[in-house]
Amino acid sequence: MRWATRVDTLSAGPLTAGGARWVALVHAVHQLGQALAEVRVPATTVLSTVAVLIVWWKPRLAMAFTFAGGLVAIGATFPVTANHVFLGTVASLLLALLDARQADEARQLQRSLVALVLLALFHGGLAKLAHGAWFRGQTLAWLTMVRLDVRAALAPFLPAETLARLSALVPAPGAGPFELSGPLVLVSNVVWVLELVAPLALLGCSPLAHRARWLLPGLALSLQLVAHEWTFALLLVTLGLPLVAERKQPRVAVALMGLAGLLLVAQLHWFATPPWLLPTVFARGGPR
């Protein structure tokens, strides 16, 4: 229970039934946007739409619908299912099972949602460390080759010859080297170090814990300045809504839903977006 009580110190206060309803509402909107713009499986879209329509009156039932939609999405996209689809599905299950009207279950829900944010960040850093493809900037170099948005974002910081070399490469055996030099190597390593250290620091340092409501969302969003996985970032911020004081939760929730709406219309290309903003993959292939 020691770690559970440390997670409690990150929050501004106990999660109430009203706070859980706001989390469910934002999550339902987020999952519907993800269904429309990314998953694009009709059954998931239908289930997510029903969830949005009933979530304010029946939040746990709505979360059961989003959970079912998540299972459908996982089944339809496996084995290339995005990590945030798994994470969103787990969050839906927690919000469906735990009744925030009961004090003990509300406490468990609050701990679980915040813990998911910490674990997601830590897991990201651990995976980067285990794979070793961030030490010399290999991942950023590869993404510069196969993703137009990453190339546009990194172009101002790359030497012209490095950018030209990576732009000319193709994803084929023998291509490379996929490495960077200079400040971007430092940036590459700072990313995984931050993902590993920040969750532990927030749990272990009381002065930092009181600032978690700003540090965690800030970290979740700043890590996407190159990756542009905004759906994932908004999901993490939504799960961190219990960190916010209850009186501020409605305003933060409305802001998050507005951001989710902007992201959706951008993903659907309803208005022009800068080339560095959203994930863009070459027609010849490459990782998303």
Side-chain angles (χ1 to χ4, degrees), residues 1-32 34 47-48 50-74 83-123 199 202-204 206 209-210 212-213 215-217 220 232 234-257 260:
M1 293 295 293
R2 180 182 177 186
W3 287 105
T5 55
R6 286 183 178 272
V7 172
D8 290 341
T9 65
L10 302 180
S11 300
L15 182 66
T16 65
R21 180 180 282 107
W22 282 111
V23 176
L25 174 61
V26 179
H27 187 56
V29 171
H30 177 277
Q31 294 301 97
L32 177 58
Q34 177 179 277
L47 290 166
S48 300
V50 172
V52 169
L53 293 175
I54 68 172
V55 65
W56 190 252
W57 298 274
K58 298 288 184 180
R60 293 178 63 201
L61 179 60
M63 292 298 95
F65 276 103
T66 63
F67 173 68
L71 290 181
V72 172
I74 290 170
N83 288 337
H84 55 264
V85 174
F86 286 110
L87 183 61
T89 303
V90 172
S92 299
L93 180 61
L94 289 170
L95 287 161
L97 292 179
L98 295 172
D99 186 354
R101 294 171 297 181
Q102 308 296 325
D104 56 339
E105 294 192 30
R107 187 180 306 110
Q108 184 58 58
L109 177 60
Q110 182 174 22
R111 288 173 175 173
S112 299
L113 294 177
V114 175
L116 278 180
V117 181
L118 298 172
L119 288 170
L121 291 171
F122 187 83
H123 176 268
L202 287 170
L203 291 175
S206 296
H210 293 300
R213 70 199 68 171
L215 292 175
L216 273 180
F232 174 61
L234 279 176
L235 174 59
L236 291 184
V237 177
T238 298
L239 299 182
L241 192 57
L243 298 171
V244 180
E246 183 179 8
R247 69 182 186 279
K248 296 180 180 179
Q249 286 174 353
R251 284 178 288 172
V252 176
V254 170
L256 288 176
M257 288 187 287

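This chain uses plain numbering: 1 for the first residue, then up along the sequence. Because the structure is a prediction, the values reported are computed rather than measured.
For the side-chain contact (heavy atoms from CB on, under 4.5 Å) test, no residue two or more places apart in sequence or in another chain qualifies with L119. Scored by the side-chain hydrogen bond (donor to acceptor under 3.5 Å, both in side chains) test, T66 finds S92 as partners (sequence neighbours excluded). Residues meeting the side-chain contact (heavy atoms from CB on, under 4.5 Å) test with L71, sequence neighbours left out: F67, T89. Partners of K248 under the side-chain contact (heavy atoms from CB on, under 4.5 Å) rule, at least two apart in sequence or in another chain, are V244, R251. Every residue meeting the side-chain hydrogen bond (donor to acceptor under 3.5 Å, both in side chains) condition with R101, not counting sequence neighbours, appears here in chain and number order: D99. Partners of V52 according to the side-chain contact (heavy atoms from CB on, under 4.5 Å) rule, which considers only residues two or more places apart in sequence or in another chain, are A28, L32. Take H30 and apply the side-chain hydrogen bond (donor to acceptor under 3.5 Å, both in side chains) test, not counting sequence neighbours, and it matches no residue. For Q110, the side-chain hydrogen bond (donor to acceptor under 3.5 Å, both in side chains) partners are S11, not counting sequence neighbours.
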Please list every donor-acceptor pair under 3.5 Å in which a side-chain atom of residues 15-24 meets a protein atom from a residue at least two apart or in another chain.
{"unit_1": "T16", "atom_1": "OG1", "unit_2": "G18", "atom_2": "N", "d": "3.4"}
{"unit_1": "T16", "atom_1": "OG1", "unit_2": "G19", "atom_2": "N", "d": "3.1"}
{"unit_1": "T16", "atom_1": "OG1", "unit_2": "E246", "atom_2": "OE2", "d": "3.0"}
{"unit_1": "R21", "atom_1": "NE", "unit_2": "W56", "atom_2": "O", "d": "2.9"}

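A pairwise comparison of heavy atoms in V7 and A115 identifies CG1-N, 4.5 Å as the closest pair. Closest of all the heavy-atom pairs between L239 and A91 is CD2-CB, 3.5 Å. The two atoms that bring A51 and F65 nearest to each other are CB-CB, 4.1 Å, heavy atoms only. The heavy-atom pair separating A220 from V237 by the smallest distance is CB-CG2, 4.5 Å. What you find for S112 and L94 is that their closest heavy atoms are CB-CD1, 3.7 Å. When every heavy atom of A106 is checked against every heavy atom of A100, the shortest pair comes out as CB-O, 3.5 Å.
Side chain of R60 to main chain of L95: no donor-acceptor pair is present (N/O by atom type, distance under 3.5 Å, no hydrogens or angles). A side-chain donor-acceptor contact under 3.5 Å links H27 to the backbone of G88.
For the atom pair NE2 of H84 and CD of Q31, the computed distance is 8.5 Å after rounding to the nearest 0.5 Å. Separating the CE atom in M257 from the OG1 atom in T238 is a distance of 9.5 Å, to the nearest 0.5 Å. The CZ atom of R111 sits 14.5 Å away from the CG atom of L116 when rounded to the nearest 0.5 Å. The CG atom of L118 sits 5.0 Å away from the CG atom of L203 when rounded to the nearest 0.5 Å. The line from CG of L216 to CG of L202 is 5.0 Å long, rounded to the nearest 0.5 Å. A distance of 11.5 Å separates NE2 in H123 from CG in L121, rounded to the nearest 0.5 Å.
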Test side-chain contact (heavy atoms from CB on, under 4.5 Å) on Q249 and V252; report intermediate values, then the result. CA-CA 5 Å; Q249 286 174 353; V252 176; 5.7 Å; no
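Using a 4.5 Å cut-off on side-chain heavy atoms (C-beta onward), L236 and L87 make contact.
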